[in-house]
Amino acid sequence: MDRLHIKGGAQLNGRIPVSGAKNSALKLMVACLLTDQPITLTNMPNLADTRFLAQLLETLGVEVYWPKGESTCHLNAAELKSTIAPYDQVRKMRASFNVLGPLIARSGHATVSLPGGCAIGARPVDLHLQALEAMGADLRVEQGYVKAAAIHGLKGAHINFAMPSVGATEHAMLTATLAQGVTVLENAAREPEIEDLANCLNSMGARITGAGTSKIRIEGVETLGGTTHAVMPDRIEAGTFAMAAAAAGGDVTLEGAPVAALGAMNAKLREAGVTVEADEEAGTLRIVRNGSRLKSVSVSTQPHPGFPTDLQAQFMALMSLADGTSIIRETIFENRFMHAPELSRLGADITVRGQEAVVKGVPQLTAAPVMATDLRASVSLVIAGLAAEGETVVNRIYHLDRGFERLEEKLNACGASIERRSEDED
Ligand SMILES: CC(=O)N[C@H]1[C@@H](OP(=O)(O)OP(=O)(O)OC[C@H]2O[C@@H](n3ccc(=O)[nH]c3=O)[C@H](O)[C@@H]2O)O[C@H](CO)[C@@H](O)[C@@H]1O
Ligand SMILES: C=C(OP(=O)(O)O)C(=O)O
């Protein structure tokens with residue numbers, strides 16, 4: 001198992017290119033199941049998650065051509081050879097569950113394992129299932145699998161989500177493109193990745209309007225065709241590097257950043273005393289902090305355009321160094337504070353009370369061995385390690401590799417000192 005050794009204390013200075021968004025890429029890959037024509041995705045992030053999903057798609061019969069290290073991925077679902085998504089290929093990753101609706105739309109039936117993903121809460125799939133049922137799918141949950149059939153095909157439906165769910169919105173949108181008639185999604189999630197998916201689907205011939213708002217209208221079509229689509233840049237990766245620069249100090253410019261999607265984070269960083277120069281047209285985000293101590297700022301995670309839950313752990317790492325007390329409230333997932341005790345090992349003063357963490361800033365963190373518990377928690381430990389005095393060792397970084405492309409390389413190019421070692425090297 002790999003671990004990261006981080007020598008803290010160095011400022012970060014330089015430029016960091018932002019990769020394609022994991023959470024968009026995964027759903028875009030699933031879209032290939034809706035057509036027998038080839039799909040080409042560019043700006044694809046090379047990650048454990050995207051590679052893993054490619055394997056699931058291959059199991060289903062998709063031809064995948066994606067040479068190692070390359071950022072262009074060719075997918076061709078001309079013929080599907082299976083409609084079964086097995087437990088071992090779905091349990092690790094949330095997004096793989098989204099093959100269910102497209103498989104039903106394409107083949108009339110499917111058997112898909114219940115999903116996994118980061119262990120940050122119960123994460124049920126009731127909203128996904130309700131949407132598919134509203135479109136005419138017959139569903140049974142048996143032995144950990146959803147068994148689905150739509151003997152008479154899928155029909156457009158009016159779906160009012162009980163809460164905005166990113167995954168359920170995307171799942172319903174993907175499925176409705178091939179349903180007969182019009183589907184309207186109300187109280188839909190508004191995350192930018194949903195708009196990216198809708199743009200790709202529309203370029204395949206779908207008729208979707210309203211993506212990015214809470215009401216999405218999808219007019220079903222008979223068939224979809226092939227396309228080439230560039231994955232949008234990763235706002236969570238960009239936000240993570242912004243916070244790394246703010247925590248370590250220095251002057252970092254993020255290139256190819258989805259600036260418009262980062263408004264809530266930029267506002268919080270500015271409140272904390274960080275200089276943020278955002279240039280939407282150039283796609284650059286410059287983060288500067290020289291000398292001055294961070295100010296404490298409270299935050300509550302919200303669906304987009306609010307402060308993203310996927311940046312909460314990173315913000316907690318930052319606030320653990322701020323002057324004063326900040327209250328961090330997690331409203332999306334009920335168990336997303338597992339980084340708090342690990343940050344405390346580095347000297348952070350954090351008390352978790354239900355859905356709130358009270359973070360009393362300390363002037364300095366000190367190195368310690370810590371353990372990554374989930375994807376964003378892992379990177380919050382890297383951020384804290386960059387600012388801490390001494391050598392921090394982050395264990396179990398397979399979580400990190402799910403969602404960050406060349407993390408050490410990108411940070412080391414700006415002056416960080418991060419080394420990846422496997423257990424055999426110790
Ligand atoms: C692969 C991917 O894109 N993952 C992202 C996606 O996860 P994901 O799509 O799983 O997150 P959702 O937006 O669905 O979850 C939001 C809330 O809705 C609840 N819920 C969801 C579905 C459902 O059927 N029933 C239900 O109760 C969840 O438990 C959670 O409390 O959006 C989250 C919220 O921005 C991000 O943190 C994840 O990084
Ligand atoms: C929670 C995340 O991923 P997943 O939904 O796949 O668990 C994430 O990307 O932070």
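If you read the sequence from its start, that first residue is 1, and numbering goes on from there. Ligands are counted one by one from 1 in listed order, and the atoms in each one are counted from 1 as well.
- Proximity of Thr253 to Ile16: side-chain heavy atoms (C-beta onward) are nowhere separated by under 4.5 Å.
- Ligand 2 lies within reach of Ile120, whose nearest heavy atom is under 4.0 Å from it.
- A salt bridge is defined here as a Lys NZ or Arg NE, NH1 or NH2 lying under 4.0 Å from an Asp or Glu carboxylate O, and Glu70 with Lys68 fails to meet this definition.
- In terms of protein heavy-atom proximity, atom 14 (O) of ligand 1 is nearest to Ser165 OG, 2.6 Å.
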| Steps toward ring pair (Phe, Tyr, Trp, His ring centres under 6.0 Å) verdict (Tyr145, Tyr87) | CA-CA 8 Å; Tyr145 279 81; Tyr87 170 74; 7.4 Å; no
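- Within the 4.0 Å heavy-atom criterion, the part of Met163 lying near ligand 1 is the side chain and not the backbone.
- Each of the following atoms of ligand 1 lies closer than 4.0 Å to a heavy atom of Arg94: 10 (O).
- With a 4.0 Å heavy-atom cut-off, ligand 1 is reached by the backbone of Leu127 and by its side chain too.
- Counting heavy atoms only, Phe333 comes closest to atom 11 (O) of ligand 1 of the residues Phe161, Phe333, Phe97.
- Near Asn23, with a cut-off below 4.0 Å to any heavy atom, the atoms of ligand 2 are 9 (O).
- The pair Arg235-Glu193 meets the salt-bridge criterion, since a charged nitrogen lies less than 4.0 angstrom from a carboxylate oxygen.
- Of the protein's non-hydrogen atoms, the one nearest atom 4 (P) of ligand 2 is Arg402 NH2, 3.5 Å.
- When only modelled atom types and interatomic distance are considered, Gln89 and Thr59 share a side-chain donor-acceptor pair under 3.5 Å.
- Defined by atom type and a distance below 3.5 Å, a donor-acceptor pair is present between the side-chain atoms of Asn46 and Arg51.
- If you check which protein heavy atom lies closest to atom 7 (O) of ligand 1, you get Arg123 NH2, 3.3 Å.
- In this structure, a donor-acceptor pair under 3.5 Å is absent between the side chains of Ser417 and Glu419.
- Distances between N or O atoms of Lys22 and those of ligand 1 include no value under 3.5 Å.
- Polar contact with ligand 2: absent for Asp49 (N/O pair, distance under 3.5 Å).
- Contacts between Asp310 and ligand 1, counted as non-hydrogen atom pairs separated by less than 4.0 Å, involve the side chain only.
- Relative to atom 12 (P) of ligand 1, the option among Val166, Thr169, Ile332 with the closest non-hydrogen atom is Val166.
- The heavy-atom pair separating Leu254 from Ala238 by the smallest distance is CD1-O, 3.2 Å.
- With a 4.0 Å cut-off on non-hydrogen atoms, Arg336 touches ligand 1 through its side chain and not its backbone.
- Close N/O approach between Thr309 and ligand 1 is not found [any backbone or side-chain N/O within under 3.5 Å].
- Heavy-atom minimum distance, Ser320 versus Ala317: OG-O, 2.5 Å.
- Distance check, rounded to the nearest 0.5 Å: CD of Gln130 to CE of Met135 gives 12.0 Å.
- Between the side chains of Thr240 and Gln314, at least one donor N or O lies within less than 3.5 Å of an accepting N or O.
- At a cut-off of 3.5 Å, with distance as the only test, no side-chain donor of Glu342 or Thr373 sits close to an acceptor on the other residue.
- Annotation: atom 25 (N) of ligand 1 to nearest protein heavy atom, Asp126 OD1, 2.6 Å.
- Across Arg123, Met93, Lys22, heavy-atom proximity to atom 5 (O) of ligand 2 is greatest for Arg123.
- Heavy atoms of Lys27 approach ligand 1 to within less than 4.0 angstrom.
- To the nearest 0.5 Å, atom NE2 of residue His5 and atom CZ of residue Arg420 are 11.0 Å apart.
- When each atom of ligand 2 is checked for a heavy atom of Arg94 under 4.0 Å away, the hits are 4 (P), 5 (O), 6 (O).
- Less than 4.0 angstrom separates some heavy atom of Arg336 from each of these atoms of ligand 2: 1 (C), 10 (O).
- Looking from atom 5 (C) of ligand 1 to the surrounding protein, the closest heavy atom is Asn23 ND2, 3.5 Å.
- The shortest separation from a heavy atom of His399 to ligand 2 is not under 4.0 Å, leaving the residue out of contact.
- Defined by atom type and a distance below 3.5 Å, a donor-acceptor pair is present between the side-chain atoms of His74 and Thr40.
- Comparing heavy-atom distances from atom 22 (C) of ligand 1 across Ala25, Pro124, Gly167 singles out Pro124 as nearest.
- Counting heavy atoms closer than 4.0 Å to ligand 2, residue Ile236 contributes nothing at all.
- No donor-acceptor contact under 3.5 angstrom links the side chains of His339 and Asp374, judged on distance only.
- Proximity of His128 to ligand 1, defined as any heavy-atom pair under 4.0 Å, is shared by backbone and side chain alike.
- Closest to atom 10 (O) of ligand 2, if we only count protein heavy atoms, is Arg376 NE, 2.7 Å.
- Considering backbone and side-chain atoms alike, Glu334 places every N or O at 3.5 Å or more from each N or O of ligand 1.
- Side chain to side chain, Glu330 and Gln355 fail the donor-acceptor criterion of an N or O pair below 3.5 Å.
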